[in-house]
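Beneath this line is the structure, given in structure tokens, with notes to follow.
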Amino acid sequence: MGVMRLGFVQVRVTDMEAAKSHYIDALGLEKTAEVDGRLYLKGWDEWDHHSVVVEPGGAGLVKMAFKVDQEEDLSELEKRIEAYGLPVRRVHRHEDYAVGEGIVTTLPSGHVLQLYHEIEVLGTRTGRLNPDPWPDDARGMAAPRIDHLLVTAENPGQFTEFFTKVLDFKISERVVPQAGSDEILGAWLYRTNTPHDIAVIPGPNGKLHHFAFWLDNWQDVLRAGDIMAKTGIPVDIGPTRHGITRGTTIYFFDPAGNRNEVFSGGYITYPDFPCITWTADELGKGIFYIQRELNDRFTTVLT
Amino acid sequence: MARITIVPDNVAVAARAGETVLEALRRHGYTMFFGCRRGGCGVCQVKLLDGAVHHGPYAPQALPQEAQDAGMVLACRAVADSDVTVEMVPSNRLRRLTSLWATAQTSSESG
């Protein structure tokens with residue numbers, strides 16, 4: 001059945017110790033390994049070995065990796081990506097720590113996309129037998145899992161075409177210049193039953209806008225905001241609500257300047273979920289439903 | 001205590017030890033367009049006209065070599081090592097957020 005979900009994002013940071021403090025102490029992720037200078041992290045409710053990989057080298061996205069349902073999906077998707085005209089490289093088993101064989105390609109937008117099926121499974125501290133609802137010794141924002149990422153592309157329509165036609169993503173919401181137009185300025189794309197696993201907005205190629213962590217409810221989003229204030233984490237905007245996805249949110253920055261989000265709420269999607277359309281003149285409301293205007297920082301600050 | 005002078009506004013603020021240019025401005029009630037505050041995005045570049053600064057950690061793409069060669073520094077990461085004069089880039093401008101408070105604060109610190 002192809003791509004199942006977002007597996008992990010790999011990002012660069014300027015200071016590994018500061019990154020540990022941010023992702024482990026403040027966000028509450030669990031360190032699962034530290035190998036060859038890279039830090040491997042997962043949320044407390046994630047079973048696989050990692051959902052975030054942090055490495056030294058500045059800021060920005062090294063790659064995004066999606067997990068496919070079956071091992072056979074890799075060769076099928078390899079064919080499809082090559083048929084689309086992009087070169088594909090095979091990733092050997094354990095070329096990435098704890099990750100099995102995969103394929104990797106560089107999208108026309110410059111973003112590196114990896115697909116894999118096998119990854120070491122560590123399980124969770126609450127376990128699979130008569131589990132408690134949350135683990136003891138949760139730290140900080142106690143993010144249970146990664147949710148999605150947003151990137152920028154000079155041609156968001158082409159980016160969207162690749163994800164929908166080659167990887168069978170569906171569009172939950174899109175931004176068009178005006179009602180009736182099919183020109184995609186931005187798109188929110190899913191393979192799971194959430195409003196988005198990945199989204200794209202216009203901007204320079206190869207850039208990361210943010211990656212987001214799920215929180216269970218609005219109260220947890222507010223509490224995350226309290227932790228940002230207590231620990232001096234720079235906030236971009238929020239707490240507020242998105243028109244697009246209907247999620248509640250705070251955007252903030254990691255110690256290298258990569259934007260993170262805590263995200264909660266929103267609807268569920270399913271195979272016959274219709275595509276919701278926003279016109280560019282209402283985009284302020286689409287992004288920040290309460291403030292109803294975009295700000296320069298949100299639209300121009302990228303890593 | 002290093003004195004940070006911003007041109008073309010000719011605003012001067014006193015920076016505490018270890019305080020970045022941006023932190024010093026904000027503490028005195030001024031602001032400018034800035035982004036991540038972590039040296040990652042580069043939108044807070046200003047031009048160092050006089051004096052010396054050192055930078056905290058920043059990503060190379062936030063302050064590429066060409067920008068460094070042109071005298072640019074990151075307001076969010078640059079700490080003044082001496083009295084400095086920095087110039088706002090044309091796309092950015094210094095703004096006073098809290099006029100009354102800033103006046104009192106600036107005069108008490110510089111007085």
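In what follows, every heavy atom counts, from backbone to side chain, and hydrogens, waters and symmetry copies are set aside. What you see is a predicted model, and the numbers here were worked out from it, not measured in a lab. Within every chain, numbering begins at 1; the chains are lettered A, B, ... in the order of the sequence lines, protein sequences first and strands thereafter.
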key: Spacing of CD1 belonging to A:I233 relative to CZ belonging to B:R38, to within rounding of 0.5 Å   = 7.0 Å
inquiry  = Rounded to the nearest 0.5 Å, what separates atom CG in A:N258 from atom SG in B:C41?
reply    = 10.5 Å
Looking at every non-hydrogen atom in both residues, tell me the closest pair between [X] and [Y] and how far apart they are.
| X | Y | result |
| --- | --- | --- |
| A:V301 | B:G35 | CG2-CA, 3.5 Å |
| A:P234 | B:C36 | CG-O, 3.5 Å |
| A:G58 | B:P60 | CA-CD, 3.7 Å |
| B:A59 | A:T14 | N-CG2, 3.4 Å |

Is it the case that over 12 heavy atoms from other parts of the model lie below 6.0 angstrom from the [atom1] atom of [X]?
| X | atom1 | value |
| --- | --- | --- |
| A:Y289 | OH | no |
| A:R89 | CZ | yes |
| A:D36 | CG | no |
| B:K47 | NZ | no |

request  = Please flag which part of B:F34 lies under 4.5 Å from any non-hydrogen atom of chain A: side chain, backbone, both or neither.
outcome  = both
Where does [X] contact chain B at under 4.5 Å (heavy atoms): side chain, backbone, both or neither?
| X | answer |
| --- | --- |
| A:V235 | backbone |
| A:D236 | backbone |
| A:D254 | backbone |

ask   = Under the side chain to side chain contact (heavy atoms under 4.5 Å, CB included) criterion, do B:Q61 and A:K207 qualify, and how do the steps go?
value = CA-CA 11 Å; B:Q61 63 265 36; A:K207 291 289 188 180; 4.3 Å; yes
task = Under the side chain to side chain contact (heavy atoms under 4.5 Å, CB included) rule, what do B:F33 and A:T300 come out as? Steps first, then yes or no, please.
result = CA-CA 11 Å; B:F33 181 51; A:T300 60; 3.3 Å; yes
key: Within 45° cone and under 6.0 Å: B:R37 NZ/CZ vs A:F253 ring   = no
